[in-house]
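Working notes, beginning with the structure itself.
Note that this is a predicted model, so its numbers are computed, not measured. Side chains included, hydrogens not; waters and symmetry mates left out as well; all remaining heavy atoms used.
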Amino acid sequence: MALSHESDITSAPRSRLKRLGALAASATFAAGMLVAALASASVPAEASPGTPSPAVASPNGRGDAVLNLFQWTWNSVAAECKRTIGPAGFGYVQVSPPQESIQGTAWWTSYQPVSYKIESKLGSRADFQNMVSACKDAGVGVIADTVINHMAGADTGSGAGTGGTNYSVDSFPGVPYGYNDFNDCRANISNYGDRYNVQNCRLSSLQDLRTSSDYVRGKIAGYMNDLLSMGVAGFRIDAAKHIPASDLAAIKAKLSNPDVYWVQEVIGAGGEPIQPSEYVGSGDVHEFNYGRELKSRFDGQIKDLRSIGDNKLPSDKAGVFVDNHDTERNGETMNYKWGAKYKLANAFMLSWPYGSPSVYSGYTWDNKDAGAPGASAASVPDANCADTAWVCTQRWTEITGMVGFHNAVAGTSVTNWWDDGNNHIAYGRGDRGYVTINNSASAVTRTYQTSLPAGTYCDVVASKDCSKTYTVSAAGSFQATVPAYGALALDVKHLSGGGVPTDPTDPADPDSTTVFYSTGKQWNAYNVHYQVGSGAWTSVPGASMMPACTGWVSKKIDADATITAAFNNGAGTWDNNGGKNYVLTGAAVAVSDGKVTAGDPCDDGSTPPAETQDDAAFSVNASTVWGQSVYVVGSIPALGNWAPASGVRLSAATYPVWKATIDLPAGTSFEYKYVKRDANGNTVWEGGSNRTATVGSNGAVTLNDSWR
């Protein structure tokens, strides 16, 4: 018979979490850097975690959890920050290397720099800047994966990078780097027991930079300062183990913000001369043994997870993960192919007070070298979570729920530990949360003892809408059946009947972008022809734009992804950005003289008067299935000229009643119908004849309909 253990664990609160959260609160993204200094390694800050003040609210709060979006384009990240990452409560998003690299379809080509230009397979400099700004608006800081140990491999010979820069062995004129800027060892690393060999020779033919050189340090710091000036909140230092810790400290000292957050990739192994602990003086370090132990425990017994922080880096210096882009492929850790156990491991990481957690989101693969779905030698398509080739971990109910749990219990210790001596564990986070994990093939029913206040709590693992609840008694106990390979989690921020989050990733919850266009061209009419994400383009000439203020017209576009657009006068004259089209995202964006800027050019800071005219209010009672949205389409350009993809998307905020309000001139007569559409463009039209309406002389019409 297995032994049971029930006790309190007095783990120290995570000062690392507090420091990163405090940085988020005082971040000045527009200036391109964090202005609050990290506390020294010897005396970590003990202030309460700060909370950004984003334009996108989060029902899950805001914390230090990082989402690692591997090989997502900048446009995709920008849209996801607004749609999912910000509302879910992530504090940061880690993106793939932004610098120019060699061409090729394999994912690792992004890790072979050609220059420090921000022109990669994942987007242009303008795209990157737009992403940083969009994520900032959603309360999310961007952490850039930074490749500074090496340049492209000697085995690649010569060629042109993703930004068109030519290069050859020992010659990178885009920086510039020449022969003397690389270490003297021209052979591959052959002995990981020899410090010099590891830090001066080539890692898999990659040309090893002479980071002891002040010139090289200056070039690297210049690249990182450029990213800081664009608003980047921190860095992941790739292959840090192959750079002496003193060289990294010297590079960091040259940054415009030498206290900026960074986390270093130092893969520790027993018996080797280079250890992760050497690097904590300049920042955080990835604790690879954490991910390795998660794999071992979930493949064996999870009862010993209570000691997972033992014999590892200090919690306030450790970056932890279940997997990353390397370890998911080399078998070092778990990965998405582990199914339910993978979700349980992420749930544990987000609920346990050790390290700064990073959730990984990549794509499916069989070939370990395969690039992102649809990747070519010089570009990567936008990520598409409707395509099962993309894993999209951040949209899973379990992940969204546990990010909220993580934020709700921040700063608390572990209490009320219990295990069955095998694969069922449970523990509290003081009086703020409680979680239980069942890593066995059978459901388990038992009574759990917590330190939670009495009340009815939402199980944030089971659902996003509080459809599954548990009632904790005045004595702090509750009974539950935990499914096989399942978990449940309760926290004081998610109570039934109060504090219940809406689903931040519900496709039926529309986002919108108001597009402004300058009238400087003095056209007789202005139209915006566009597509949302990888969806269908509107019918030419597109949607009519209406006067917004002196010098500007506008159109509100319902979009949960990046908008690609061109403008025209309806008579054959186009502005398509020189054939490249415009990439638009954010709550408001303005286009003038070929330039895109964030914000509303008509906002002078004053309170606008209540609108009394030009409002056509649509309302329809319509039931939908998961993934469907309701649109109104009709006979006029503002309603898409009967093209469903160009219609007006209605809000589900008062479901099952869907609503939208648009501007139409007084006296406008039109026909219309409602349609239901899903993310794949599948369309269901309502029955009956076309509906008809006319905007009144006061510029208003109110339509209250029911689906038929």
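- At distances below 3.5 Å, not a single donor-acceptor pair connects side-chain atoms of Asn569 with backbone N or O atoms of Trp523.
- Side-chain contact of Ser629 with Arg677: a donor-acceptor pair under 3.5 Å is absent, judged by distance alone.
- Put simply, SG on Cys385 and CH2 on Trp72 are 4.0 Å apart, with the number rounded to the nearest 0.5 Å.
- Between Asp226 and Tyr116, the side chains place no donor N or O within less than 3.5 Å of an acceptor N or O (distance only, hydrogens not considered).
- Checking side-chain atoms of Asp64 against main-chain N and O of Ser356 turns up no donor-acceptor pair under 3.5 Å.
- Put simply, NZ on Lys556 and CD1 on Ile662 are 11.0 Å apart, with the number rounded to the nearest 0.5 Å.
- With hydrogens and angles ignored, the 3.5 Å screen pairs no side-chain donor or acceptor of Gln71 with any backbone N or O of Val95.
- Considering only heavy atoms from C-beta on, Tyr672 comes within 4.5 Å of Leu703 through its side chain.
- With a 6.0 Å radius and a threshold of 12 heavy atoms from other residues, nucleotides or ligands, Lys117 has its NZ atom above the threshold.
- With a 4.5 Å cut-off on side-chain heavy atoms, Trp707 and Val684 count as touching.
- Looking only at distances, a side-chain donor or acceptor of Asp127 sits under 3.5 Å from a matching main-chain atom of Ser124.
- Panel note: side chain Asn581, backbone Thr564; no donor-acceptor pair is recorded below 3.5 Å.
- A donor-acceptor pair under 3.5 Å is formed between the side chain of Thr393 and the backbone N or O of Tyr360.
- Counting only distance, with no hydrogens or angles, the side chain of Lys493 and the backbone of Pro59 share no donor-acceptor pair below 3.5 Å.
- The backbone N or O of Lys580 sits nowhere less than 3.5 Å from a side-chain atom of Asn577 that would complete a donor-acceptor pair.
- Judged by distance alone, with hydrogens and angles left aside, the side-chain atoms of Tyr526 form a donor-acceptor pair with the main-chain N or O of Thr519 at under 3.5 Å.
- With hydrogens and angles ignored, the 3.5 Å screen pairs no side-chain donor or acceptor of Thr397 with any backbone N or O of Lys464.
- In this structure, Ile399 CD1 and Ser361 OG are separated by 9.0 Å, a value rounded to the nearest 0.5 Å.
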